[in-house]
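One structure below.
Remember, it's a predicted structure, so these values are computed and weren't measured experimentally.
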Amino acid sequence: PCGVNLELFQPMPKREARRMIAAGTAAPILLFVGRIAPEKGLDRLIGALARLEHRTRPEVILVGGEGEADPGLRQMKEIARRSGVLERLRFVGRVEQAELPVFYNAADLLVLPSSYESFGMVALEALACGTPVVATPVGAMEELLNQGGNGRLARGFSVSALAGAIETALLDRELQPASQEAVRRTSLRFSWDRVAAEVLRVYKRVLDCHAPDHFHLDGAACCGCGVYAAAGSGG
């Protein structure tokens, strides 16, 4: 799997994080981090925001895109305007990785509304900061999210399914809020140290199985690649 930099992505006080990005403290904040591309599902998130019935009307901070010149961004703004939620969206644009932890900590939930992800690194980064995640069933999300505590997995890719998962996760936060440290603990098995150690174990096991001492083939020679040549063949 992918790994996460646990030294960079760490919890910090939410009030301080919101102050640093000039965000209000009253309404819940949903965070989107990613490219403005069709497979990232930002239109799905905008549609879900319009369907939410949460009493405090969550706001969305969107990190990513190429600024006002980005045609995808203009399209998303138009969708948000037609859906009646444009005033509840804040488009931040591209953010350097070193600044991302502040945004993760400022949010109540990271939302990953993608139709495809090879893994879903932003979800892992958010969890490392102690922020729960709501996601569609893509990449490693079914493994990362345990249906409560550290987030919710939408039951499919429909707008209503995503809206329902967000609504439930917001209620979770109000009724049985998990601490930042409890959420962060669910990411610890994906530390780079642990991932690297697991990869090395796989290589060692494979190399041990293919070592020359494991084979007793008369007239064959092995260089460790697993390909054997007959004696005298010049191979």
Report task. Check each of Y104, F32, F103, F91 against V63 using the side-chain contact (heavy atoms from CB on, under 4.5 Å) test, and report the only one that passes. Result -> F103
Report task. Answer yes or no: is there an ion pair linking D208 with R201, defined by an N-O contact shorter than 4.0 Å? Result -> no
Report task. Answer yes or no: are there more than 12 heavy-atom neighbours, outside R94 itself, under 6.0 Å from its atom CZ? Result -> no
Query raised in the report: Where do F157 and R44 come nearest, in terms of heavy atoms and distance?
Result: O-NE, 2.7 Å
Requested in this report: Indicate yes or no: does K40 engage E117 in a salt bridge with an N to O separation below 4.0 Å.
Outcome: yes
Requested in this report: Please answer: with hydrophobic residues joined when any side-chain heavy atoms are less than 4.5 Å apart, are V33 and Y116 in the same cluster?
Outcome: no
**Report entry** Non-hydrogen atoms of V4 and S187 that approach each other most closely
**Finding:** CG1-O, 4.3 Å
Query raised in the report: Side chains of D43 and Q75: donor-acceptor distance under 3.5 Å anywhere?
Result: no
Query raised in the report: side-chain contact (heavy atoms from CB on, under 4.5 Å) with I29: which of R90, K14, R18?
Result: R18
Query raised in the report: V122 and side-chain contact (heavy atoms from CB on, under 4.5 Å): which partner among V111, L110, L31?
Result: L110
Requested in this report: Using the salt bridge (Lys or Arg N to Asp or Glu O under 4.0 Å) rule, pick out the option among R57, R81, K77 that qualifies with E87.
Outcome: R57
Requested in this report: Could you tell me whether the side chain of R155 and the main chain of G164 form a donor-acceptor pair under 3.5 Å?
Outcome: no
Query raised in the report: In terms of side-chain geometry, is the basic nitrogen of E78 or R74 positioned less than 4.0 Å from the acidic oxygen of its partner?
Result: no
Query - Nearest heavy-atom neighbours spanning A106 and A17 - result: N-CB, 3.6 Å
Query raised in the report: Taking the side chain as C-beta and beyond, is there a heavy-atom pair between P101 and L8 under 4.5 Å?
Result: yes
Less than 3.5 Å apart, which donor and acceptor atoms pair up between the side chains of residues 133-142 and the rest of the protein, not counting sequence neighbours?
| from | atom 1 | to | atom 2 | distance (Å) |
| --- | --- | --- | --- | --- |
| T136 | OG1 | L112 | O | 3.4 |
| T136 | OG1 | S114 | N | 3.4 |
| T136 | OG1 | S114 | O | 2.6 |

